Visitor: 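Below is one structure. I have some questions about it.
Side chains are part of it too, since the values below use all heavy atoms of this structure and drop only hydrogens, waters and symmetry mates. Predicted model, so just to flag it, every value in this text is computed and none were measured. Sequence lines set the chain letters: A, B, ... in the order given, protein chains first and strands last, and positions in each chain run from 1.
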Amino acid sequence: MNEAYTACVFSAQRCSSPKPRRRHESAIKTDSSDASDAQDASPAVSAHSTDRQKKSAEQTAMRGLRVDDTLGKVLKATIDKLKINKNEQSNASSHVNDITDKVIAHLKRNTTWCEEIERLRTGSYYENVKICEPDEFDVMMTIPVERVDIQEFDEAGAFYSIALKRHTKRHPLDRFLNEDKTIQASEMLSEFRDAVKKAVEKLPYQIEMQRKKPKCPAVTLKVKMEENGKTISVDFVLGLKVHRASWPDFTKDGFKIENWLGKKEKANMKHQPFYLVPKYEGKGNTEHDGVVAKDAWRISFSHVEKEILKKHGHSKTCCEDVGQKCCRKECLKLLKYLLQQLKEDDSKSNKLSSFCSYHAKTTLLHACATRGNDNEWAYSQLADCFQQLLEDFVKHLRNRHLPNFFIPSHNLLHQASPSSCDFLANAIEIQRNNNFPIFN
DNA sequence: TTATGCTAAAGCGG
DNA sequence: CCGCTTTAGCATAA
C-alpha cells in the first residue's frame with residue numbers, strides 16, 4: 001500500500017491540513033480585467049512578478065488567437081502557481097536529507113535489527129508532483145527480507161498475518177517472531193519509533209515528533225526551519241522489503257500498463273520487490289469480528305508508483321528534449337490542487353475529509369492505463385486532458401468505485417458514503433462548468 | 001563506499 | 001514562447 005494513501009486515510013490531521021494559501025477574492029475574472037493587476041508593488045515575492053509577466057504574455061497571445069482557449073490559460077496560470085519555490089525546496093530538502101542521514105546512521109549503529117536498513121524516498125515530492133510548497137516528505141525505512149507468507153488478507157488490502165519464510169540462518173527480525181513465525185508488527189513499530197526519537201533528540205534542529213496516530217504507520221517529524229519560520233513534516237515509514245518473491249496473487253489483474261508503458265516495462269517492474277508496512281500499533285485495536293489487529297500489515301507499491309511517474313510516457317522520449325511534451329503530471333497536479341481547494345473550502349462540514357490525494361493519483365494511473373497513447377496527453381491539449389480526467393474522477397465517485405491500481409479488489413472508495421461522493425462530484429461539476437473559479 | 005554524469009524542474013532573460 | 005543556468009536527486013562506475 002502506498003504510504004501516502006495510508007498516512008492520509010489513517011491520519012485525519014494530515015488529510016485535512018489546511019494550506020494557508022491566499023486566494024484572490026474575485027471569483028471570476030474576465031480577460032480584460034487582468035491589465036489592472038500590473039500595479040503590484042509587493043517586493044521580494046517573485047511569484048507576483050512572474051504572475052504579472054505571465055499575464056501580459058497571455059494578453060499579447062490573446063490578440064493573435066482566434067480560438068477561445070480561456071480554460072487553457074486558466075489552467076496554465078494555475079500550474080505556474082503550483083510550482084514550488086526553488087530556495088524553499090533547497091532549504092527544506094537539505095534539512096530532510098541531513099536529518100534522514102543521521103537517523104539512519106543512528107539506527108544502524110544502535111538497533112541490531114536495523115543494520116541493513118535502507119532509505120527509499122517516496123511520495124509526491126520525490127515524484128515531482130508536489131504542489132505549492134515543499135512541506136511534506138515521505139521516506140520509507142526498509143528492512144530486507146527474502147520471502148514471506150501472507151496468510152490472511154481482506155478486500156481492503158490489509159493483511160493480518162505475515163510470516164518469515166525459508167530462513168535457514170538467523171534473521172535480525174527473529175526477535176519479533178511469534179511461535180508460528182508471524183511477525184509482531186506493533187513491537188517492531190514501537191521499537192522503531194523509540195529509536196527515531198532518540199536519534200532525533202540530539203540533532204541541532206527544532207524537531208517535534210508527532211504523537212502516534214491510530215492506524216497511521218508513519219513516524220512523523222515536524223521540523224521548524226530557522227531560515228523562514230516554516231514547518232515541514234517528514235514521515236518515516238517502516239517497511240519490510242520483500243525481494244526474491246513474486247507479487248501476491250491478488251495483484252494479478254491490476255497494474256494494467258501493457259498498452260501504456262509496455263509489456264517489457266511491466267515485466268521489469270514486476271521483478272522489483274514489494275513492501276509491507278505495519279498497519280497498526282497498540283493493543284485493543286479490535287476490528288473485523290473482534291480479531292485483535294495489532295499485527296496487521298499493508299502492501300505498498302510506492303516505489304513502482306514513483307518509477308511509473310518517471311517513465312510516464314508511451315514513447316521512451318516523452319518529455320525529453322528530443323521528444324514530445326505531455327501533460328500527465330500537470331493534470332495530476334491540477335486534480336490534486338482542485339481536491340485540496342475543495343477540501344479547504346469545505347473544511348467545516350467535514351464532508352470531504354475522506355478524500356485524499358491518493359484518490360487523485362489513482363485516478364490518473366487508471367486514466368493513463370486506459371489512454372496510453374502520448375497523443376492523448378499532448379501538452380497543447382492540457383485543457384481537454386484535464387476535463388477528461390475530471391470526467392473519469394466524477395465517474396468513479398458516482399459509482400463509488402475506484403480500485404487500487406495494483407489491487408483491483410481493493411476499492412479505495414468503499415468506506416466513503418454515497419452522499420459525500422455525490423457532494424464531491426457535484427462540486428467538481430460546478431467548477432468544470434465555470435472555468436474553475438476556485439483556482440483564482 | 002565515493003565520484004561523476006545525467007535528468008527534471010525552477011527561474012531568468014530575450 | 002524559447003534557450004540558458006542552477007540545483008536536487010538519481011544511476012552508474014570506479
Visitor: Applying side chain to side chain contact (heavy atoms under 4.5 Å, CB included) between A:Phe274 and each of A:Val304, A:Thr251, A:Val242, report the one that passes.
Guide: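 Of A:Val304, A:Thr251, A:Val242, side chain to side chain contact (heavy atoms under 4.5 Å, CB included) with A:Phe274 is met by A:Val242 alone.
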Visitor: Return the value, rounded to whole Å, for the distance between atom OH of A:Tyr126 and atom P of C:dA11.
Guide: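 Going from OH in A:Tyr126 over to P in C:dA11 covers 13 Å.
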Visitor: Which of these nucleotides, C:dG9, B:dA8, B:dA10, is closest to any side-chain atom of A:Asn97?
Guide: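 Nearest nucleotide to the side chain: C:dG9.
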Visitor: Both A:Lys306 and A:Tyr379 contact DNA chain C. Which one's nearest nucleotide lies toward the 5' end?
Guide: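 The residue closer to the strand's 5' end, by nearest nucleotide, is A:Tyr379.
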Visitor: Indicate whether OP1 or OP2 belonging to C:dT7 is found under 4.0 Å from a side-chain N or O atom of A:Ser90.
Guide: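 So the side chain of A:Ser90 is outside the cut-off, no N or O lying under 4.0 Å from OP1 or OP2 of C:dT7.
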Visitor: So, is A:Asn85 close to the B:dG11 phosphate, meaning a side-chain N or O under 4.0 Å from OP1 or OP2?
Guide: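 Yes, A:Asn85 has a side-chain N/O under 4.0 Å of OP1/OP2 on B:dG11.
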Visitor: Which listed nucleotide (B:dA10, C:dA8, C:dC10) is nearest to the side chain of A:Lys310?
Guide: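 Closest nucleotide among those given: C:dC10.
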Visitor: Check the side chains of A:Arg121 and A:Asn97 for a donor-acceptor pair under 3.5 angstrom, ignoring hydrogens and angles.
Guide: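 Short answer, yes.
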Visitor: Do any side-chain nitrogens or oxygens of A:Arg121 fall under 4.0 Å of OP1 or OP2 in C:dC10?
Guide: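 Yes, A:Arg121 has a side-chain N/O under 4.0 Å of OP1/OP2 on C:dC10.
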Visitor: May I have the distance from A:Glu88 (atom CD) to B:dA9 (atom P), rounded to whole angstrom?
Guide: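 These atoms are roughly 19 Å apart.
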Visitor: Which nucleotide, C:dC10, B:dA10, C:dA8, lies nearest any side-chain atom of A:Tyr125?
Guide: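 Selected nucleotide (nearest to the side chain): C:dA8.
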Visitor: Rounded to the Å, how far apart are A:Gln89 CD and B:dA10 P?
Guide: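 Roughly 8 Å, once rounded to whole Å.
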Visitor: From the set B:dA8, C:dA8, C:dC10, return the single nucleotide nearest to any side-chain atom of A:Glu320.
Guide: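 Taking heavy atoms from C-beta onward, the closest nucleotide is B:dA8.
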Visitor: Measure the distance from CD on A:Gln324 to C1' on B:dA8 and round it to the nearest whole Å.
Guide: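 It works out to 18 Å between those atoms.
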Visitor: Quick check: closest heavy atoms across A:Leu261 and A:Lys311, and the distance to 0.1 Å?
Guide: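 What the structure gives for the nearest pair is CD2-O, 2.8 Å.
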Visitor: From B:dG11, C:dA8, B:dA10, pick the nucleotide closest to the side chain of A:Lys333?
Guide: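 Side chain of A:Lys333 sits closest to B:dA10.
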Visitor: Between C:dG9 atom P and A:Asp138 atom CG, what is the distance in whole Å?
Guide: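 One finds 13 Å between P of C:dG9 and CG of A:Asp138, rounded.
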Visitor: Which whole-number value in Å describes the distance from A:Leu309 CG to B:dA8 P?
Guide: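 For the pair A:Leu309 CG and B:dA8 P, the rounded distance is 13 Å.
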Visitor: For A:Leu339 and A:Leu424: C-alpha separation, side-chain torsions, deciding distance, then whether side-chain contact (heavy atoms from CB on, under 4.5 Å) applies.
Guide: CA-CA 9 Å; A:Leu339 184 57; A:Leu424 178 55; 4.0 Å; yes
Visitor: Could you tell me the separation between the CD atom of A:Glu118 and the C1' atom of C:dA11, rounded to a whole number of Å?
Guide: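 Checked: the CD to C1' distance equals 15 Å.
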Visitor: Hey, would you say the A:Phe393 and A:Phe355 ring centroids sit under 6.0 Å apart?
Guide: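 Between A:Phe393 and A:Phe355, the centre distance exceeds or equals 6.0 Å.
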Visitor: Which of the following nucleotides, B:dA8, C:dA8, C:dT6, is nearest to the side chain of A:Lys86?
Guide: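 The answer is C:dT6, which lies nearest to the side chain.
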Visitor: Rounded to whole Å, please give me the gap between CD1 in A:Ile79 and P in B:dG11.
Guide: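 Going from A:Ile79 (CD1) to B:dG11 (P), I get 15 Å.
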Visitor: Does a nitrogen or oxygen in the side chain of A:Lys329 sit under 4.0 Å from OP1 or OP2 of B:dA8?
Guide: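 No, because none of the side-chain N or O atoms of A:Lys329 sits under 4.0 Å from OP1 or OP2 of B:dA8.
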Visitor: Mind checking A:Lys311 for me? I need base, sugar-phosphate or nothing, with any heavy atom below 4.0 Å counting as a touch.
Guide: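 The answer is nothing, as A:Lys311 stays clear of every strand by at least 4.0 Å.
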